[in-house]
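All remarks here apply to the structure that follows.
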Amino acid sequence: MTYYESTGHLLLTPVDREAPARVERLRELGLGERADAELDAFARKVADALAAPYAGINFINEERQFFAGLHHAAGAPASGYPARVLARDHGYCPHVVVRRRALVLEDVRDFARFAGNAVVDESGVRSYVGAPLTDRRGIVLGTVCAVDVVPRRWGLAGLATTKALAAELVALVHEREDRREARRGDELRSEERPADRCG
């Protein structure tokens, strides 16, 4: 991952060379363009499992991030986060996608690389945990993530839970894809059958 350009300045958002392949794959899977009730429910499951006020299922393209699954716990602070759509330079999911591995930030202000991110001042985000959604082709589609507006210790248990939930969600995505492919196969076979003829 490249954090520095030739100028030597710290980049808030890492260079994402896999974005074109990811965009094509997301289009194939029908993900990342609209809110999804099943993914909203999964985001709630993530929030519950991690006891977090906010959780999301985030798909990232070349221009933006889209939370197809989103949960904001009742009574959570009205921080303005998360929104369905974020710019690529907001938040920490783009780092997870490019790193291809989970990221835990107990207090984002402890890390110079992350402390200046727009979500800190604009939305009050103080802690983050996220894991990549890596599909059967090895493409990182996005993330499962949770955030809080106060510093918190996610711990090894929180990290393990996030990674397990990411694996569970990838399996769900693959099941959807398999069902869709099976339907297409049935439709093709139906079209290939000769028309019934009256005797």
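The residues of the chain are indexed from 1 along the displayed sequence.
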Starting from the C-alpha separation in whole Å, work towards a yes-or-no answer on salt bridge (Lys or Arg N to Asp or Glu O under 4.0 Å) for R88 and D16. CA-CA 10 Å; R88 277 200 71 254; D16 184 0; 3.7 Å; yes

Chi angles and distances behind the side-chain contact (heavy atoms from CB on, under 4.5 Å) call for L29, R176: CA-CA 8 Å; L29 294 167; R176 283 185 175 188; over 6 Å; no

After noting the C-alpha distance and the side-chain angles of W154 and L105, does the key distance pass the side-chain contact (heavy atoms from CB on, under 4.5 Å) rule? CA-CA 8 Å; W154 301 101; L105 301 171; over 6 Å; no

Would you please test R137 and R25 for side-chain contact (heavy atoms from CB on, under 4.5 Å) and show each step? CA-CA 9 Å; R137 298 183 191 174; R25 181 66 171 140; 3.4 Å; yes

Could you walk me through whether L31 and V173 satisfy the side-chain contact (heavy atoms from CB on, under 4.5 Å) test, starting with their C-alpha distance in whole Å, then the side-chain angles of each, then the deciding distance to 0.1 Å, before giving a yes or no? CA-CA 9 Å; L31 295 171; V173 168; 4.1 Å; yes

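No more than 12 heavy atoms of other residues, nucleotides or ligands sit less than 6.0 Å from atom CD of E24.
When atom types are taken as modelled, the side chain of D40 and the backbone of L70 share a donor-acceptor pair closer than 3.5 angstrom. Listed for the R99 side chain is a donor-acceptor partner under 3.5 Å among the backbone atoms of A102. One N or O on the side chain of R84 and one on the backbone of A68 form a donor-acceptor pair closer than 3.5 Å.
For F59 and F66, the ring centers are positioned 6.0 Å apart or more. In summary, the aromatic rings of F42 and H71 are positioned with their centroids too far apart to meet the 6.0 Å limit.
Ion pairing between E168 and K45 holds under the 4.0 Å rule for side-chain N and carboxylate O.
The nearest pair of heavy atoms linking V120 to R109 is CG1-NE, 3.7 Å.
A tilted orientation is assigned to the rings of Y54 and H72, their planes being inclined by 30° to 60°.
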